[in-house]
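What you see is a predicted model; the values in this text were computed from it and never measured.
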Amino acid sequence: DGHANDPPLLYAHALLGLASIKTNNVNVSSKIYMDYNATTPMEPEVIQVITEALHEAWGNPSSNYIAGAMAKAIISRSRQNVARMVGGKAEDIIFTSGGTEANNLVLHTAVEHFRKSRSAAEHGEGLQNGCSGLPHIITSNVEHDSIRLTAKHLQSVGKADVTCVPVSKVNARVDVEDIIAAVRPNTCLISVMMANNETGVIMPIQEICQRVKSLNKQHDRLRILLHTDAAQALGKIPVDVQELGVDFLTIVGHKFYAPRAGALYVNGPGTKTPLYPMIFGGGQERNFRPGTENTPMIAGLGKAAELVTANLSRYQSHMLNIRVYLEERLQAVFRDRIRFNSHYPGSDILPNTCNVSILGPALQGWRVLANCRRLLASVGAACHSSSGHRPSHILLSCGVPTEVAANALRLSVGRGTTKEDVDLVVEDLRETVQLLEKMN
């Protein structure tokens, strides 16, 4: 959700500016922000380290004088902090502009690795089997656009074959057996998000990795690389690359109170796990992602990662507590007219995400939000808000009926959301529903 800077959001209130919104640490006016899955405000400590870096570490990190040396030291510390947050090593972290770039880098690498492996096989140097035809990529049908559209592009230009495995209409998860059934001899990458940005459903990444690793042990087969986009999971639930067993994991700063910068975890980049650059330049990031480092944003990303490592269980339990309270209040006020699009039997969901529809012919999500006086939220992924008022394809893929999906509101709470905020938002929704039904 919104790996890049989000385009204009679907709120009538977006023009009011963040100055008047109650976010994590600001309580200025009557607007209440519940769109933390789209983006988060930066923590004060994060803003502070960015400011310090702007003042003191303005030098080029590749230079030897003091401002450059300070920049280099900050980048090194941030790399350690980001690695610690995901359970990896500092040398496994490659800084990027954001999640979109990290995701593109993974798909580019998988295709390039297949090409190089096939070339080696043709020269009698490697695997004889499994390298014919196009590289084959497996993903799910509820991925973020930076995976979905990149895969679609590779397919449209004849560089890859792509299988989009549909999620179950019962539990909204991708089924491990369906992923394994989609594997072909030329499969080179499986990329499944860790948690969905609209439903909050957590995917069975660890199980997929375990199954694929046993496939990878077969002789004469091309190794299948494993990737998860953890944009929505970081800062909300524990994320440990060793436990998951992934080769690549995407890290997106602006989802965990950091600036709009990102990183890619790669398990032993260029040694254990292939990584091929998309851009070429002055050798920064060990040539995997060259370009003079954006020291202040990397500093902010490192600080935010440090806060997640120190406080995750507190963040998680607070968000869960508030989300449960929000669901109880909505149920109490709207009774049988409410449908939770984030509740699926047997599926775990993110602690902060509540996707809900209030049933009624005049209560489309965009219409409700446009008439709310306090609530700032979205109908789904902020990145897709330019697609008009069509129901979310993700909800439809999860088996939500069209007329229910059309009324969906995605309410995502944050570290600073309170029960008082919830009471005000539910009252706002109650008044808005009354108003729209009168108008209708």
Measuring from atom [atom1] of [X] to atom [atom2] of [Y], what distance do you get when rounded to the nearest 0.5 angstrom?
X    : Y    : atom1 : atom2 : result
I190 : H227 : CD1   : NE2   : 13.0 Å
L244 : M194 : CG    : CE    : 4.5 Å
D229 : H144 : CG    : NE2   : 7.5 Å
H153 : K159 : NE2   : NZ    : 6.0 Å
T353 : R410 : OG1   : CZ    : 7.5 Å
I147 : I137 : CD1   : CD1   : 9.0 Å

Between the side chain of [X] and the main-chain N/O of [Y], is any donor-acceptor distance below 3.5 Å?
X    : Y    : result
D92  : G268 : yes
Q232 : N37  : yes
R323 : L350 : yes
T139 : V192 : no
T150 : N104 : no
S412 : N352 : no
S140 : V142 : yes

Residue [X] excluded, over 12 heavy atoms near [atom1] under 6.0 Å:
X    : atom1 : value
K89  : NZ    : no
K213 : NZ    : yes
L54  : CG    : yes

Pair listing, salt bridge (charged side-chain N to carboxylate O under 4.0 Å, His left out) test, anchored in residues 262-290, at least two apart: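 Listed once each, the pairs are R79-E285, E101-R289.
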Any pair counted as salt bridge (charged side-chain N to carboxylate O under 4.0 Å, His left out), so long as it reaches residues 298-311, sequence neighbours left out: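 Listed once each, the pairs are K303-E306.
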Test item: side-chain donor near acceptor, S313 and Q316, under 3.5 Å: no
T40-R415 side chain donor-acceptor pair, cut-off 3.5 Å: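 No pair is found: no donor N or O on one side chain lies under 3.5 Å from an acceptor on the other.
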Nearest heavy-atom neighbours spanning [X] and [Y]:
X    : Y    : value
P391 : A405 : CB-CB, 3.8 Å
C188 : L222 : CB-CD2, 4.0 Å
A263 : V82  : CB-CG1, 4.4 Å
F288 : P290 : C-CD, 3.8 Å
N81  : A305 : O-CB, 3.6 Å

Chi angles and distances behind the side chain to side chain donor-acceptor pair (under 3.5 Å) call for N341, S357: CA-CA 7 Å; N341 309 313; S357 297; 2.9 Å; yes
Mutual orientation of the aromatic rings belonging to Y36 and Y257 [parallel < 30°, tilted 30-60°, perpendicular > 60°]: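 Rings of Y36 and Y257: parallel, under 30°.
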Any side-chain heavy-atom pair of [X] and [Y] under 4.5 Å:
X    : Y    : value
I202 : S347 : no
M203 : V167 : yes
F114 : L189 : no
P269 : E91  : no
I338 : E327 : no
L234 : V252 : no
D247 : V266 : no
V425 : L375 : yes

Could you list the donor-acceptor pairs under 3.5 angstrom formed by side chains in residues 273-284, with sequence neighbours left out?
from : atom 1 : to   : atom 2 : distance (Å)
T273 : OG1    : R223 : NH2    : 3.4
T273 : OG1    : N267 : O      : 2.5
Q284 : OE1    : G291 : N      : 2.9

Ion pair E207/R211, N-O distance below 4.0 Å: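 Looking at R211 together with E207, the answer is no, because their closest N to O distance does not fall below 4.0 Å.
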Intermediate values then yes/no, side chain to side chain donor-acceptor pair (under 3.5 Å), S168 and D175: CA-CA 7 Å; S168 155; D175 189 84; over 6 Å; no
Residues that H343 engages under ring pair (Phe, Tyr, Trp, His ring centres under 6.0 Å), provided they are two or more places apart: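 Here the qualifying residues are F340.
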Sequence-distant partners of R173, salt bridge (charged side-chain N to carboxylate O under 4.0 Å, His left out), two or more places apart: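 R173 satisfies salt bridge (charged side-chain N to carboxylate O under 4.0 Å, His left out) with no other residue.
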Identified side chain to side chain donor-acceptor pair (under 3.5 Å) partner of H136 from the options D161, T163, N186: T163
Derivation and outcome, side chain to side chain donor-acceptor pair (under 3.5 Å), residues T432 and N371: CA-CA 6 Å; T432 303; N371 286 278; over 6 Å; no
Residues which pass side chain to side chain contact (heavy atoms under 4.5 Å, CB included) with A310, listed by chain and number, not counting sequence neighbours: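 With neighbours one apart ignored, the set is empty.
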Working for side chain to side chain donor-acceptor pair (under 3.5 Å), residues Y33 and D421: CA-CA 9 Å; Y33 184 73; D421 293 337; over 6 Å; no
